[in-house]
Structures are given as C-alpha cells and as structure tokens.
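Report on one structure; see the data block that follows.
Remember, it's 1-based here, ligands and their atoms both numbered in the order they're listed. Keep in mind that what you see is a predicted model, and the values were worked out from it rather than measured.
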Amino acid sequence: MELRLGVIGCGAIGQDHIKRITKKLTGARVVALNDINLAATQAFNDAEKLGAKVYENYNDLVNAADVDALLIASWGPAHEEQLLACVAAGKPVFCEKPMTTSAAGGLRIVEAEVQHGKKLVQVGFMRRYDAGYRALKQTLDAGTIGEALMVHCAHRNPSVPEMYVGDMALTDTFVHEIDVLRWLLNDDYVTAQVVEGRKSKHSHEGLHDPIMVLLETRKGIRIDTEIFVACQFGYDIQCQVVGEMGAANLPEPQSIPLRLAGRASDGILMDWKQRFIASYDVELQEWIDDTQRGEVNGPTAWDGYFASATAEACVEARRTKGIVPITIADKPAFYNR
Ligand code: NAI
Ligand code: ISE
C-alpha cells in the first residue's frame with residue numbers, strides 16, 4: 001500500500017525531502033502540503049507538478065482522511081504543537097530535528113505518545129543512517145578497540161547565514177552530535193560544559209564562534225566537540241573514539257586523492273546536504289517501510305527529548321560557565337520495548 005503523506009513546512013529541507021520521496025524513494029506519495037508561506041508552497045507544488053492539496057491550516061491537513069502519515073519540516077519552535085496534533089490524530093509522523101526547542105516540550109511529546117499507547121514519532125537525526133557512522137558503530141560494538149574512554153569531535157561549517165545567532169550552535173548544530181554519540185556509545189550524558197574560545201573575525205554579529213562542548217557520560221566517557229560554524233574551509237565532520245586498545249575514526253567522505261601541480265590533496269565537501277545526502281535517502285526510505293509495517297525503528301520521541309534536554313543543559317552551561325548536570329526524567333518502559 002502506498003503511504004499518502006502530508007508535509008508541514010515546505011522550506012529548504014522540506015522541499016528536498018518531498019523531491020526525494022517523489023523522485024527517488026518508493027512506497028509513498030506526497031498528497032498534502034502546508035506552510036505559513038502559502039504562495040511559495042503553491043508555486044513549489046505547481047513547479048514540481050505534485051498535484052498535492054495545499055492546506056492553509058496544518059490541523060486540517062493532519063486530520064484529512066486521505067493523509068496516512070506526516071512529515072514535519074517547519075521551524076523548530078513550531079514542531080511541538082504540530083507533533084501533538086499528529087499524536088492526537090493517531091498518525092505516524094517523521095519530524096525534522098530538533099524535535100522540540102525545550103526539554104519540557106520534548107517531555108510533553110513523550111507523555112502524549114505514551115498516553116496514546118503506540119510509538120508514532122520518529123526524529124530526523126539522519127547521521128544514524130550515514131554509512132560511515134554505521135561502520136564506526138559496528139567497530140565499537142564488536143569490541144575492536146576495547147571499551148570507549150574518550151571521543152574527540154568537530155562540527156565545522158564554512159559559514160552560516162546572518163539569522164544564525166546566539167545558541168544555535170548548540171540547539172541547531174551540536175544537537176546532531178548529541179544524538180549520534182549517544183547512539184554510537186550506547187550511553188547517556190550526565191554533565192555538560194561549554195567553553196568559548198578566541199572569537200574568529202568571521203563570526204558575524206550575535207555569534208561567538210568557535211565554541212567547545214565537553215560532555216561526560218554515565219559510563220564516564222569524556223567527549224569534546226569543537227563547533228566552528230564559520231570555519232571558511234569546508235563542511236567538516238570529525239569523530240574519533242579512543243578506546244582501551246586503539247582509536248577508531250569516522251571515515252572521510254570519498255574523494256579522489258589528487259597529485260597535481262606539485263601537491264597531493266583530498267577534497268573537502270562544502271555543505272551538509274552533500275555530506276549527508278545518502279543518509280537522508282536511507283533514513284526516509286526506512287521510515288516509509290517501517291511506517292507501512294506500523295513500526296518506528298529510528299530515533300524516537302525519547303531520543304528527541306533527550307537531545308533537547310541535553311542542548312538546554314549546554315545553553316545553561318554556556319551562560320553560567322559552569323559544569324551543568326543533565327537532568328532527565330525517568331524513561332518510560334514503553335521506550336525499551
Ligand atoms: P527553512 O526556513 O528553509 O524552512 C522552514 C519552513 O517552515 C519555511 O518554509 C517556513 O515558512 C515554514 N514554517 C515555519 N513555521 C511554520 C508553521 N508554524 N507552520 C507551517 N510552516 C511553517 O528551514 P529548513 O532549513 O528547511 O529547516 C527546517 C527544519 O529542518 C528545522 O527544524 C531544521 O533544524 C531542520 N533541518 C534539518 C537538517 C538535517 O540535517 N536533518 C538540515 C537542515 C534543516
Ligand atoms: C543544520 O541545521 C543542519 O541540521 C545540518 O545538518 C548541520 O550540520 C548544520 O550545522 C545545521 O546548521
């Protein structure tokens with residue numbers, strides 16, 4: 001049975017997801033769209049010849065009889081109420097990260113889902129679907145380097161738009177490491193610390209770049225991550241896990257090593273879309289297949305809540321310049337099933 005999808009939020013990544021569902025993936029069709037920018041959405045619908053129905057109100061879309069499942073790619077602050085509407089309607093929903101912009105909001109989604117009694121929510125943490133991260137996880141789970149002791153990461157973007165300010169490095173960008181490292185290490189975090197380094201002259205107003213985050217896990221693993229979003233030279237994701245017997249690195253994306261004009265060099269990608277393009281495809285195809293079977297096998301509402309709570313603790317740690325405990329509610333048994 002082909003899944004009939006409704007999409008809320010048809011901006012940059014919403015449009016990318018719609019195109020991959022329509023042109024590359026199998027098992028789903030986009031039949032309904034909603035965005036606060038109605039004119040642009042209608043224009044996109046026409047240009048892509050989707051033939052979808054454009055709704056002025058997301059609630060009407062969620063509750064439409066011919067919509068089986070939802071994909072939310074609106075701005076982060078809108079996710080909570082839209083997710084709650086999907087859970088109330090009892091419909092499966094894929095929601096882009098961050099699931100919510102506050103820990104309390106994340107917990108409200110968890111509580112609503114537990115109350116409903118069946119998992120419906122999957123969060124768009126696509127790095128779990130990246131071939132490199134999957135290979136790294138296999139290496140760790142096989143015990144190849146022994147128990148993990150430390151992790152060194154970097155999340156670098158060449159530049160960010162003027163609207164990227166304040167704590168977005170933590171809530172919008174670092175949130176990817178927050179999720180993928182918990183999954184990689186089979187562990188949870190207990191404290192966070194954020195250190196601001198020397199400010200780059202390329203940080204625009206309202207942004208202090210780069211910063212460094214230190215996380216401590218329940219097992220005592222120490223994680224340091226450099227977040228440098230105006231690094232100029234590329235979109236560069238690094239992750240090295242140091243274990244008791246060795247160290248394992250996230251593989252670099254493939255590039256042709258060049259020996260040219262007196263230099264030997266490898267390419268560095270310039271944007272996140274290129275870096276994770278394959279993982280978005282795998283993530284959404286698996287979500288479609290799982291949804292058809294009535295299952296949620298990707299990052300859950302619990303993972304979304306954990307990420308929001310950790311990001312919130314990081315924001316607090318940055319503000320107070322202290323080591324902040326990460327306080328997490330008791331995990332409902334529902335999420336261990
Ligand atoms: P965008 O600004 O290009 O698009 C957001 C769209 O949502 C806009 O068209 C806007 O009009 C619409 N919107 C805002 N509030 C709305 C509401 N209440 N109801 C309906 N529509 C609403 O932003 P972008 O880059 O597409 O990001 C969207 C979401 O996807 C964000 O949560 C972002 O963090 C996430 N994202 C995830 C990425 C990933 O790697 N997984 C990469 C980029 C974005
Ligand atoms: C962006 O919002 C994303 O989600 C990208 O995946 C991330 O790498 C980038 O740094 C964020 O700003």
Side-chain angles (χ1 to χ4, degrees), residues 6-20 32-45 54-62 70-86 94-101 105 122-130 133 153-161 163-165 167-180 207 209-211 225-231 234-239 269-284 287 298-299 304 307-308 311:
V7 179
I8 305 174
C10 305
I13 201 156
Q15 293 191 9
D16 277 0
H17 285 338
I18 292 168
K19 286 184 201 161
R20 61 171 48 88
L33 304 173
N34 164 261
D35 192 293
I36 49 172
N37 190 340
L38 268 183
T41 304
Q42 191 57 61
F44 171 70
N45 191 26
V54 177
Y55 285 79
E56 262 185 63
N57 182 312
Y58 77 83
N59 242 315
D60 294 341
L61 176 151
V62 169
L70 287 305
L71 187 155
I72 298 178
S74 56
W75 293 326
H79 293 174
E80 183 183 341
E81 65 172 58
Q82 294 170 347
L83 278 167
L84 288 174
C86 297
F94 176 95
C95 179
E96 261 309 335
K97 48 62 58 174
M99 182 180 82
T100 56
T101 48
Q122 179 165 323
V123 186
F125 286 125
M126 78 297 179
R127 288 196 190 179
R128 296 188 187 202
Y129 299 86
D130 174 69
Y133 274 109
C153 301
H155 187 147
R156 304 183 180 122
N157 294 50
S159 61
V160 283
M163 50 68 71
Y164 186 107
V165 287
D167 289 314
M168 286 180 76
L170 298 167
T171 56
D172 194 61
T173 297
F174 181 58
V175 75
H176 284 293
E177 269 77 18
I178 294 177
D179 179 71
V180 82
L207 189 69
D209 185 58
I211 58 172
T225 305
E226 166 202 320
I227 308 161
F228 190 9
V229 297
C231 81
Y235 182 71
D236 188 24
I237 302 299
Q238 300 290 329
C239 177
L269 294 173
M270 288 305 285
D271 86 51
W272 50 265
K273 277 190 201 167
Q274 287 170 296
R275 172 65 180 83
F276 287 111
I277 191 155
S279 48
Y280 293 116
D281 291 349
V282 178
E283 168 192 53
L284 280 179
W287 176 70
S308 298

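For the side-chain contact (heavy atoms from CB on, under 4.5 Å) with Ile8, the qualifying choice from Leu71, Ile36, Val62 is Val62, the only one to do so. No option in Asp172, Asn157, Thr173 other than Thr173 meets the side chain to side chain donor-acceptor pair (under 3.5 Å) test with Tyr164.
Atom 40 (O) of ligand 1 has Tyr280 OH, 2.5 Å as its closest protein atom, hydrogens excluded (heavy atom only). Scanning all protein heavy atoms for the shortest distance to atom 9 (C) of ligand 2 gives Asn157 ND2, 3.6 Å. When hydrogens are left out, the protein atom nearest atom 8 (O) of ligand 2 is Tyr235 OH, 2.5 Å; that is the closest non-hydrogen contact. Closest to atom 19 (N) of ligand 1 among all protein heavy atoms lies Gln82 NE2, 3.0 Å. Given atom 2 (O) of ligand 2, the protein heavy atom at minimum distance is Asp172 OD2, 2.9 Å. Regarding atom 6 (O) of ligand 2, its nearest protein heavy-atom neighbour is His176 NE2, 3.1 Å. The protein heavy-atom contact nearest to atom 11 (O) of ligand 1 is Asp35 OD1, 2.6 Å. Protein heavy atom at the shortest distance from atom 32 (O) of ligand 1 is Lys97 O, 2.8 Å.
Residue contacts with ligand 1: Ala12 is placed with a nitrogen or oxygen under 3.5 Å of a nitrogen or oxygen of the ligand (distance criterion only). Checked by distance only, ligand 1 and Glu96 come closer than 3.5 Å through their nitrogen or oxygen atoms. Backbone and side-chain nitrogen or oxygen atoms of Ala78 are examined, and none is located within less than 3.5 angstrom of a nitrogen or oxygen of ligand 1.
Ligand 1 places these atoms under 4.0 Å from at least one heavy atom of Pro98: 32 (O), 34 (O). Counting atoms of ligand 1 from 1 in the listed order, those under 4.0 Å from a heavy atom of Gly124 are 41 (N). If you number the atoms of ligand 1 from 1 as listed, the ones under 4.0 Å from a heavy atom of Trp272 come out as 42 (C), 43 (C). Proximity to Met126 (heavy-atom distance under 4.0 Å) selects the following atoms of ligand 1: 40 (O), 41 (N). Numbered from 1 in the order shown, with element, the atoms of ligand 1 that lie under 4.0 Å from a heavy atom of His176 read 39 (C), 40 (O), 41 (N). Less than 4.0 angstrom separates some heavy atom of Asp172 from each of these atoms of ligand 1: 34 (O). Annotation for ligand 1: atoms under 4.0 Å from non-hydrogen atoms of Gly76 are 32 (O). Within the listing of ligand 1, atoms 7 (O), 13 (N), 16 (C), 21 (N), 22 (C), 28 (C), 29 (C), 31 (C), 32 (O) sit less than 4.0 angstrom from a heavy atom of Ser74.
The heavy atom nearest to atom 27 (O) of ligand 1, out of those in Ile13, Thr171, Val7, is found in Ile13.
The distance from the SG atom of Cys153 to the NE2 atom of His176 is 13.5 Å, given to the nearest 0.5 Å.
In Phe125, neither the side chain nor the backbone holds a heavy atom less than 4.0 Å from any atom of ligand 1. Of the heavy atoms in Met126, only side-chain atoms (C-beta onward) come closer than 4.0 Å to ligand 2. Counting heavy atoms under 4.0 Å from ligand 1, residue Phe276 does not touch it at all. Contact annotation: for Met168 versus ligand 2, there are no heavy atoms closer than 4.0 Å. Residue Thr41 does not touch ligand 1, judged by heavy-atom distances below 4.0 Å. Counting heavy atoms under 4.0 Å from ligand 1, residue Ala73 touches it through the backbone alone.
The closest approach between Phe276 and ligand 2 stays at or above 4.0 Å for every heavy atom of the residue. Heavy atoms of Lys273 stay at 4.0 angstrom or farther from ligand 1. In this structure, Glu81 has no heavy atom closer than 4.0 Å to ligand 1. The closest approach between Lys97 and ligand 2 falls below 4.0 Å for a heavy atom of the residue.
For the pair Asp179 and Lys97, the salt-bridge criterion is not met [side-chain N within less than 4.0 Å of a carboxylate O].
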Evaluate Arg127 against Glu177 for salt bridge (Lys or Arg N to Asp or Glu O under 4.0 Å), listing each step before the verdict.
CA-CA 9 Å; Arg127 288 196 190 179; Glu177 269 77 18; 2.9 Å; yes
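More than 12 non-hydrogen atoms from other residues, nucleotides or ligands lie less than 6.0 angstrom from CD of Gln274.
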